[in-house]
Amino acid sequence: MVASVAAGQPRGTGDPPLPDAADVVAAFATVRAWIDDFELPPTEAPQARLAVADASGVCVILRQSGRIVGVGTDTTADALMVRRATGRAMSDLLGDPAVANLPEDMLPQVAAAVTLELEIAGRPVPLLGKTYADAAAQLSPGEDGVALRRGENTAMLFPAQLRATNTAGRVERLLPPLAVELGLSALPLPELARRFDVSIYRFRTTTLAQHAAGRPPFATIRGDTLVTDAQVTRAGIQELAVGIAQHLSNTLAPVDAPVGLMGTYRPASDRFSPLIAPPAEQALAAWSLARLSRVEQLPELMAGRIADVSEHILRQLEQVSDGEDEPLASAVACAAIVHAGLEHQGYRDSAPPLLREAAERVRVAYTREDGFVDADESKPVPPHSRALIASALSRLLATGHAGVDAGLVRGALDAAWSSVPPHEQVTLLPWIGWAEADYAAAAGEPLARVVELRNLRQLLDASRVGTADRPGPPDLAGGFALSGGGGSGGGHLLATSQTVRPAAFLAWMIRDPRLTRDDEAAVAAGRMLQTIRFIGQLSVRPSSRWAYVNPGRALGGIRAAVWNCDQPVPAQALALVTAAEMLTSLDTLASRDEKQ
């Protein structure tokens, strides 16, 4: 276990020191025994004292079927801190409504059934910054804890607490209450430093958890286990894709009204927000499912079921229930509907009114005089949405839709390209790439913007975490460091589910000889397999069930980030398409090799 702890907590340059790994393992075994016996040793007893070298604090979390029933922390950094934190967590357990009224003789049985997460903080290092936001920007979200210190007193926010409440990306809002724990008012950081000599620190932790009560502990990285390169096989990618598809199927609204998919699932509260997904997101989900159903080596019965879910979502979009948005009101939603409807062969052939009307709305969403226009004409259409509309126009042109002028489509494509400077054109993916491919096929012309598309891949390859130039944390390896993570992270490399947008096109690009020469294909595929690894890291896998109140809803879903368990519908759709395109590209490359 000592080796697994060390392996689970890779060190980077400048990382704060960690507690002694062997001491953490011994502490876990002792705490687990205390809980199983439902008895703590008296504080004066020698067995109550657990020395953990280089430790500054401890957090104990108890869960019952994923639900947190006890939390205890201690920041005194002495030999009794583990005993005190465990006592607080067990007191919480006794006060839980499901436990409070049980007979006393049943309490050991209840305690033995809970899972234990033990997080021990290493030595803290000081942070610089004039504001809470400055300090938070220096933290690696979900990995770093933060502490305020006044004299001998310390108040700490543990990463495990932040992950459990899904607040790791919003730490700056949680720092003022730490001052209250020190007996001070929630004053601005400079005032706390000037008047009360308060200092701020960050710290790293070693965290051990259990899959289930009675199971041995394992080390976690940001509360998760690491997806390895060895797991990224064709079978593994198909399992990832099917898992996302099943997750989407599980989020169909369980009501009689034809409302389709629920919105973003938020596992921390076990709720959907918004309750019903907007039409554009529902259409993207239907499109992604239809795309997966057409992967050639997918078992026929499975492909049929996935296609049925796709059509079900589209049929539900045809009917607008009370409280739902009108799907045809937005050109962006109509563009997504066009993609979904044309991808689904049976739906396209039936020429339903929803698809026809969405196509007409897309056809007038761009004009040479006014450019891109959506429902609210006072607001400009964002670049990514412009690319989506242009892609829908190209799709209509490629499928022979009457009334779509090739010159107008070319104008829309060029306008989308010019809507952002070259270094920001990655935000137009995947839509701009597929738009160019559809236009070239429809117009019988060579693929345009080949140089730009290859340059975008080169830019993305350079931004991929895990390369020699960007080593980064192992759980982020393969992801694209496209932003600063929403204000957190500072100098830390951060990759989020935004990776799946460009990744979907790069996975397709591998098999297109106009964009990827034969001698480049194997290298391009190898790099994309690293990105698939990261998408797998974002997914909620069976090994993570212990951390979720409702694992049935969460399983298979793609998280917004490794530190943010929310599951946005667009992230599910684009991750699913990335996996589907990667499967097809791998099959295509294998077929080429067989012919050579």
Side-chain angles (χ1 to χ4, degrees), residues 1 23-52 55 57-121 155-165 181 205-218 220 223 267-270 544-554:
M1 176 52 67
D23 287 349
V24 175
V25 173
F28 186 98
T30 301
V31 171
R32 184 69 254 186
W34 290 343
I35 294 168
D36 289 343
D37 295 340
F38 208 69
E39 184 176 355
L40 292 169
T43 54
E44 62 272 14
Q47 57 267 39
R49 303 179 67 83
L50 296 177
V52 182
V58 60
C59 177
V60 174
I61 298 180
L62 306 179
R63 289 181 172 87
Q64 186 179 60
S65 301
R67 183 174 65 90
I68 294 176
V69 292
V71 177
T73 64
D74 194 273
T75 62
T76 51
D78 62 14
L80 287 173
M81 70 174 182
V82 177
R83 159 65 174 78
R84 284 191 291 266
T86 306
R88 289 163 186 155
M90 291 175 68
S91 294
D92 275 1
L93 175 61
L94 283 172
D96 185 80
V99 177
N101 297 321
L102 291 176
E104 188 173 344
D105 61 352
M106 289 188 63
L107 295 180
Q109 180 181 346
V110 171
V114 302
T115 60
L116 168 64
E117 182 178 7
L118 178 70
E119 184 164 76
I120 298 185
M156 304 176 89
L157 268 177
F158 287 84
Q161 293 173 293
L162 298 170
R163 293 192 300 266
T165 55
E181 292 187 31
T205 64
T206 296
T207 309
L208 299 181
Q210 293 176 292
H211 292 301
R215 296 283 299 277
F218 60 93
T220 73
S269 59
D270 192 24
S544 304
R545 294 180 65 97
W546 63 274
Y548 290 88
V549 176
N550 193 338
R553 282 181 173 172

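Residues Phe38 and Met90 have side chains in contact (heavy-atom distance under 4.5 Å, counting atoms from C-beta outward). Side-chain atoms of Thr30 and Gln47, non-hydrogen and from C-beta on, never get closer than 4.5 Å to each other. Annotation: side chain of Arg163 is not in contact with side chain of Ile61 (no heavy-atom distance under 4.5 Å).
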| task | Check step by step if side chain to side chain contact (heavy atoms under 4.5 Å, CB included) holds for Arg215 and Thr115. | result | CA-CA 9 Å; Arg215 296 283 299 277; Thr115 60; over 6 Å; no
| Intermediate values then yes/no, side chain to side chain contact (heavy atoms under 4.5 Å, CB included), Leu116 and Val31 | CA-CA 9 Å; Leu116 168 64; Val31 171; 3.8 Å; yes
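Residues Ala77 and Ala55 approach most closely at CB-O, 3.8 Å, considering heavy atoms. Closest non-hydrogen pair, Ala164 versus Arg63, comes out as CB-NH2, 4.1 Å. Scanning both residues, Ala27 and Ile120, for their nearest heavy atoms gives CB-CD1, 4.2 Å. Between Leu93 and Val99, the shortest heavy-atom contact is O-CB, 3.4 Å. In terms of heavy atoms, Thr205 sits closest to Pro159 at CG2-CD, 3.8 Å. Pairing each heavy atom of Leu62 with each of Ala89, the nearest pair is CD1-O, 3.9 Å.
Remark: Arg67 CZ to Asp96 CG distance equals 4.0 Å, nearest 0.5 Å. One finds the CE atom of Met81 at 9.0 Å from the CG atom of Leu50 (value rounded to the nearest 0.5 Å). Between the CG atom of Leu94 and the CG atom of Leu102 there is a distance of 10.0 Å, given to the nearest 0.5 Å. Remark: Thr73 OG1 to Glu181 CD distance equals 7.0 Å, nearest 0.5 Å.
The closest donor-acceptor contact from the side chain of Glu117 to the backbone of Ala209 lies at 3.5 Å or more, if one exists at all. No donor-acceptor pair closer than 3.5 Å links the side chain of Gln109 to the backbone N or O of Met106. Side chain of Arg553 to main chain of Pro267: no donor-acceptor pair is present (N/O by atom type, distance under 3.5 Å, no hydrogens or angles). A donor-acceptor pair under 3.5 Å is absent between the side-chain atoms of Arg83 and the main chain of Leu40, judged by distance alone. In this structure a side-chain-to-backbone donor-acceptor pair under 3.5 Å is present from Glu119 to Ala160. Looking only at distances, a side-chain donor or acceptor of Asp92 sits under 3.5 Å from a matching main-chain atom of Val71.
Within 6.0 Å of atom CD in Glu39, 12 or fewer heavy atoms from other residues, nucleotides or ligands are found, so the atom counts as exposed in its surroundings. In Glu44, the CD atom is crowded: over 12 heavy atoms of neighbouring residues, nucleotides or ligands sit closer than 6.0 Å.
Between Asp36 and Arg32 there is a salt bridge, since at least one side-chain N of the basic residue sits less than 4.0 Å from a carboxylate O of the acidic one. Ion pairing of Asp78 with Arg84 is present here, as a side-chain N (NZ or NE/NH1/NH2) and a carboxylate O approach within less than 4.0 Å.
Using bins of under 30°, 30° to 60° and over 60° for the plane-to-plane angle, the ring pair Phe218/His211 lands in the parallel bin.
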